[in-house]
J.: 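Pasting a structure here, questions to come.
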Amino acid sequence: MNTFMKGQSGQNDDRRSSLGLSLAFGIAVLSWRLIVLRAREAAQKLRVNDTTVLDYSDDACIENVVKSALQRGEYVGSRKLDDRRPKAMDHQVGGHPLQMAGRCVLKPIKLPQERMSRPEVAESIPDLDGDDLDPIKVYRGVRELAFYETMAAVNETDYNCLPSLFSLSKIPLLSELRLHTRVSSKGFFGSTKLMLSDMASIGLILCLPKCLGDSTVRNCVNAYRLALLDIEEELNVMKQIAKHTASYFGMVNIDGQGQSYHLVLDNLTLPYDRPNIMDLKVGRQVYEPAASISAQRHKIAKYPEQSAIGFRIVGMKAYSPSFSDGHDGYEIWGKPFGKGLRSKEDALGALRIFFLASYGTIGPHTKRVILSVIEQLIEIRNWFKCNSTLAFYASSILIVYEGNKTVRDKVDPNVKMIDFAHVCRDDEEHSGRHGYLYGIESLASMLRMLLLDANG
Ligand SMILES: Nc1ncnc2c1ncn2[C@@H]1O[C@H](COP(=O)(O)OP(=O)(O)OP(=O)(O)O)[C@@H](O)[C@H]1O
Ligand SMILES: O=P(O)(O)O[C@@H]1[C@H](O)[C@H](O)[C@@H](OP(=O)(O)O)[C@H](OP(=O)(O)O)[C@H]1O
């Protein structure tokens with residue numbers, strides 16, 4: 001009896017445990033299916049936007065940029081400004097009027113305020129009409145801001161570990177996603193459509209199905225990883241550019257009313273007693289690929305020679321006590337002068353005027369100045385060669401050197417990139433990158449010709 005009962009209860013136990021097992025198996029299969037479904041859903045959301053540096057349809061991204069620039073301006077920018085009211089910039093050769101305060105220049109920034117939810121930002125909505133409805137114009141300010149903020153952020157973030165962490169085979173996805181969250185948490189690039197707060201949990205969900213070889217998840221994750229690698233490369237390029245631009249100290253609101261936002265930049269003319277300055281718009285094309293056909297025609301018609309010469313002199317000024325009719329001993333060459341240069345020979349002639357204005361001949365000092373400018377252009381060119389994604393349209397090179405020949409210990413010439421309102425991600429087809437390189441090389445080779453002329 002006992003044996004019989006034992007046998008029966010044993011069978012019951014077996015049945016129960018096999019039922020339990022089947023149930024557990026069923027639950028496991030169902031959970032697995034759910035996990036895979038959820039993982040596929042999450043994996044398909046992994047997108048990298050590669051259209052513009054700042055995706056201007058992304059309000060959250062714009063808000064982040066503005067907030068961060070204002071914070072930086074509060075902590076860093078305002079310390080660089082002194083108590084005096086900003087005044088008109090002394091040495092400006094192109095563009096819209098800038099102001100000067102302390103050691104800095106203040107460049108006005110118009111924000112696309114109608115998209116802003118922050119009240120103090122929303123107050124200064126510009127009147128949108130005509131040209132101002134063109135998104136390229138409406139967002140030019142915030143895109144320049146995004147450029148400087150990205151540059152500042154990558155230089156603050158310790159992301160040198162990226163190459164190993166991003167290694168495609170070995171590293172767990174989770175740390176990769178976390179790292180990316182850290183690098184782009186301010187959203188400057190507008191590069192990921194993923195909600196960053198979801199990153200960590202999504203990383204966990206993706207891990208197992210990916211490791212067990214679900215092809216949908218694996219393909220999406222791999223595509224995302226490759227896109228992140230491109231971004232990593234771009235961030236490296238952004239990190240390096242800092243030494244070729246004026247230092248950036250954030251954005252300030254100089255009248256405190258939410259009406260007057262300005263970028264705070266190092267004033268490049270300040271170290272010189274009498275700065276000689278030239279602003280050149282570099283590249284074969286000055287409009288972004290996304291510009292309307294009529295805008296493209298308008299820009300080309302303004303200076304058709306841009307494509308062949310590779311740059312346009314926007315303006316220049318040089319000091320010589322002999323310019324007695326000039327402003328404080330300065331002679332100034334404005335936009336019409338630059339637009340009147342119709343050939344490479346004309347452009348070379350203008351460069352000769354600029355580099356000879358204060359010293360009269362190409363003597364040892366002028367040679368040193370020209371050589372230093374060429375060297376700095378080559379550095380910019382070398383940096384640019386590492387850049388495979390960003391194109392600079394309508395961006396300028398500013399050249400400054402000492403125009404007072406009586407100054408004893410002359411500060412070295414300075415060559416910096418300025419004006420980043422039209423930086424775009426680029427492809428081979430549009431290839432604004434090649435146009436920019438062409439412009440830099442064209443300028444450097446004309447300067448070499450000046451030196452050869454002087455020697456010959
Ligand atoms: N960091 C700087 N230090 C000294 N001068 C500067 C600096 N940045 C700009 N400038 C001066 O301001 C001028 C205009 O600068 P920038 O091109 O950035 O302004 P913009 O209004 O966007 O010009 P544009 O209308 O040509 O696009 C330059 O030609 C230069 O003379
Ligand atoms: O920086 P952005 O946004 O490109 O702004 C343009 C820039 O200031 C150009 O230098 C100017 O052309 P000029 O130098 O020839 O005056 C152009 O005028 P435009 O609108 O008349 O083309 C501006 O729109």
Side-chain angles (χ1 to χ4, degrees), residues 56 77 80 86 88-110 112 126 130-145 147-148 151 242 244-249 261-272 275-283 285-288 290-292 294-306 311-318 330 332-341 354 392-401 411 413-424 432:
Y56 43 68
K80 299 273 170 187
M89 167 98 188
D90 284 337
H91 295 293
Q92 179 171 358
V93 291
H96 306 93
L98 270 64
Q99 307 204 51
M100 224 176 84
R103 295 191 56 82
C104 297
V105 294
L106 299 166
K107 176 172 174 170
I109 287 287
K110 269 195 185 174
D131 251 7
D132 284 344
L133 288 175
D134 176 357
I136 290 182
K137 294 221 173 234
V138 173
Y139 291 100
R140 72 181 296 291
V142 81
R143 286 170 71 198
E144 178 153 39
L145 197 60
F147 182 90
Y148 277 113
M151 185 184 83
H244 302 301
T245 66
S247 305
Y248 161 74
F249 306 117
Y261 293 105
H262 286 75
L263 284 186
V264 186
L265 299 169
D266 194 24
N267 183 349
L268 299 170
T269 65
L270 220 62
Y272 302 92
N276 284 357
I277 312 163
M278 180 186 261
D279 176 332
L280 307 111
K281 217 159 247 199
V282 177
Q285 174 183 315
V286 294
Y287 53 86
E288 295 178 35
S292 68
S294 64
Q296 297 188 12
R297 288 207 186 110
H298 168 76
K299 298 276 181 195
I300 294 171
K302 273 191 165 192
Y303 193 54
E305 294 76 13
Q306 181 96 29
F311 60 84
R312 164 166 70 98
I313 297 178
V314 177
M316 58 193 214
K317 64 187 282 185
Y330 272 100
I332 298 172
W333 295 265
K335 279 188 182 177
F337 170 79
K339 286 180 183 164
L341 305 171
F354 178 66
F392 291 68
Y393 296 101
S395 181
S396 286
I397 291 274
L398 201 68
I399 300 175
V400 194
Y401 74 95
V411 175
N414 201 356
V415 179
K416 290 279 184 275
M417 297 170 75
I418 59 164
D419 203 354
F420 305 109
H422 304 289
V423 177
C424 304

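In each ligand, atom 1 is the first atom listed, and ligand 1 is the first ligand listed.
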J.: Are any of the N or O atoms of His422 closer than 3.5 Å to those of ligand 2?
T.: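 N/O-N/O distance below 3.5 Å exists for this pair.
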J.: Under 4.0 Å from any heavy atom of Lys137, which atoms of ligand 2 are there?
T.: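 This gives 20 (O), 24 (O) as the contact atoms.
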J.: Determine, considering heavy atoms only, which of Gln92, Lys107, His91 sits nearest to atom 22 (O) of ligand 1.
T.: Lys107
J.: Ignoring hydrogens and angles, tell me if any N or O in the side chain of Gln92 forms a donor-acceptor pair with the backbone of Leu98 under 3.5 Å.
T.: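 Indeed, once roles are kept as given, a pair shorter than 3.5 Å links the two residues.
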J.: Where is the nearest protein heavy atom to atom 26 (O) of ligand 1: which residue, which atom, and how far?
T.: Lys281 NZ, 3.2 Å
J.: Measure the distances from the heavy atoms of Lys416 to every atom of ligand 1 and state whether one is below 4.0 angstrom.
T.: no
J.: Is it true that Met89 lies under 4.0 Å from ligand 1, counting heavy atoms only?
T.: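 Per 4.0 Å heavy-atom rule, Met89 contacts ligand 1.
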J.: Do His422 and Arg140 have side chains that approach each other closer than 4.5 Å (heavy atoms only, starting at C-beta)?
T.: yes
J.: What residue and heavy atom of the protein are closest to atom 31 (O) of ligand 1, and at what distance?
T.: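 Among all protein heavy atoms, the one nearest atom 31 (O) of ligand 1 is Val93 N, 2.8 Å.
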J.: Ile277: heavy atom below 4.0 Å from ligand 1, yes or no?
T.: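 So Ile277 does not count as touching ligand 1.
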J.: For the backbone of Ile418 and the side chain of Ser395, can you confirm whether one donor and one acceptor N or O come within less than 3.5 Å of each other?
T.: yes
J.: At what distance is the nearest protein heavy atom to atom 10 (N) of ligand 1, and which residue and atom is it?
T.: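 The protein heavy atom lying closest is Leu98 CD2, 3.8 Å.
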J.: Of all the non-hydrogen atoms in the protein, which one sits nearest to atom 7 (C) of ligand 1, and at what distance?
T.: Val105 CG2, 4.0 Å
J.: Are Ile418 and ligand 1 in contact, using a heavy-atom cut-off of under 4.0 Å?
T.: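 It does, in that a heavy atom of Ile418 comes within the 4.0 Å cut-off of ligand 1.
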J.: Donor-acceptor pair, distance only, cut-off 3.5 Å: does the side chain of Tyr393 make one with the backbone of Gly432?
T.: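 Looks like yes, one N/O pair under 3.5 Å.
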J.: Do Met316 and Ile399 have side-chain heavy atoms sitting under 4.5 Å apart?
T.: no
J.: Relative to each other, are the rings of Tyr148 and Phe420 parallel, tilted or perpendicular (30° and 60° limits)?
T.: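 Rings of Tyr148 and Phe420: perpendicular, as their planes differ by over 60°.
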J.: As an exercise, identify every atom of ligand 1 less than 4.0 angstrom from a heavy atom of Ala246.
T.: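 Going through ligand 1 atom by atom, the ones under 4.0 Å from Ala246 are 1 (N).
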J.: Would you say NZ of Lys80 has more than 12 non-hydrogen atoms from neighbouring residues, nucleotides or ligands within 6.0 angstrom?
T.: no
J.: Is any side-chain heavy atom of Phe392 closer than 4.5 Å to a side-chain heavy atom of Met417?
T.: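 The answer is yes; the side chains approach within 4.5 Å.
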J.: Can you confirm, on distance only, whether ligand 2 has an N/O atom lying under 3.5 Å from any N/O atom belonging to Lys335?
T.: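 It does: an N or O of Lys335 is found under 3.5 Å from an N or O of ligand 2.
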J.: At a 4.0 Å threshold, what atoms of ligand 2 neighbour a non-hydrogen atom of Arg140?
T.: 1 (O), 2 (P), 3 (O)
J.: How far is atom 1 (N) of ligand 1 from the closest protein heavy atom, and which atom is that?
T.: Asp266 O, 2.9 Å
J.: Could you work out, for atom 30 (C) of ligand 1, the closest of Asp419, Leu268, Leu398 by heavy-atom distance?
T.: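 Going through Asp419, Leu268, Leu398 one by one, Leu398 has the nearest heavy atom to atom 30 (C) of ligand 1.
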J.: Please identify which atoms of ligand 1 are closer than 4.0 Å to at least one heavy atom of Asn267.
T.: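 The atoms of ligand 1 under 4.0 Å from a heavy atom of Asn267 are 3 (N), 4 (C).
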J.: Please list, in number order, the atoms of ligand 2 under 4.0 Å from a heavy atom of Lys339.
T.: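 Here the atoms of ligand 2 in question are 13 (P), 15 (O), 16 (O).
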J.: Is it true that the side chains of Asp279 and Ser396 contain a donor and an acceptor less than 3.5 Å apart?
T.: yes
J.: Looking only at distance, does Gly94 have an N or O less than 3.5 Å from an N or O of ligand 1?
T.: yes
J.: Side chain to side chain contact (heavy atoms under 4.5 Å, CB included) for Tyr248 and Leu145? Distances and angles first, verdict last.
T.: CA-CA 10 Å; Tyr248 161 74; Leu145 197 60; 4.0 Å; yes
J.: Please tell me if the side chains of Lys416 and Val400 come closer than 4.5 Å, counting only heavy atoms from C-beta onward.
T.: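 With C-beta onward as the side chain, the pair stays apart.
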J.: Nearest to atom 23 (O) of ligand 1, what protein heavy atom do you find, and at what distance?
T.: Gly95 CA, 3.2 Å
J.: So do the side chains of Val314 and Val93 get within less than 4.5 Å of each other, counting heavy atoms only?
T.: no
J.: Looking only at protein heavy atoms, identify the closest one to atom 29 (O) of ligand 1 and say how far it is in Å.
T.: Asp279 OD2, 2.5 Å
J.: Taking only heavy atoms of Lys281 into account, list the atoms of ligand 2 that are under 4.0 Å away from them.
T.: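 The list of qualifying atoms is 7 (C), 9 (C), 10 (O).
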J.: Ring centroids only, cut at 6.0 angstrom: are Tyr401 and Phe354 within range, meaning strictly under it?
T.: yes
J.: Considering only heavy atoms of Arg140, which atoms of ligand 1 have at least one such atom less than 4.0 Å away?
T.: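 Near Arg140, the atoms of ligand 1 are 22 (O), 27 (O).
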J.: So which protein heavy atom does atom 25 (O) of ligand 1 come closest to, and at what separation?
T.: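 Checking every protein heavy atom, the shortest distance to atom 25 (O) of ligand 1 gives His96 CE1, 3.2 Å.
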J.: Under 3.5 Å, N or O to N or O, is Ser396 touching ligand 1 that way?
T.: no
J.: Are His91 and Tyr330 an aromatic pair by the rule of ring centers under 6.0 Å?
T.: yes
J.: Do His96 and Lys110 make a side-chain contact, defined as non-hydrogen atoms from C-beta onward lying under 4.5 Å apart?
T.: no
J.: Under 4.0 Å, heavy atoms only, figure out whether ligand 2 is touched by the backbone of Arg143, its side chain, both or neither.
T.: neither
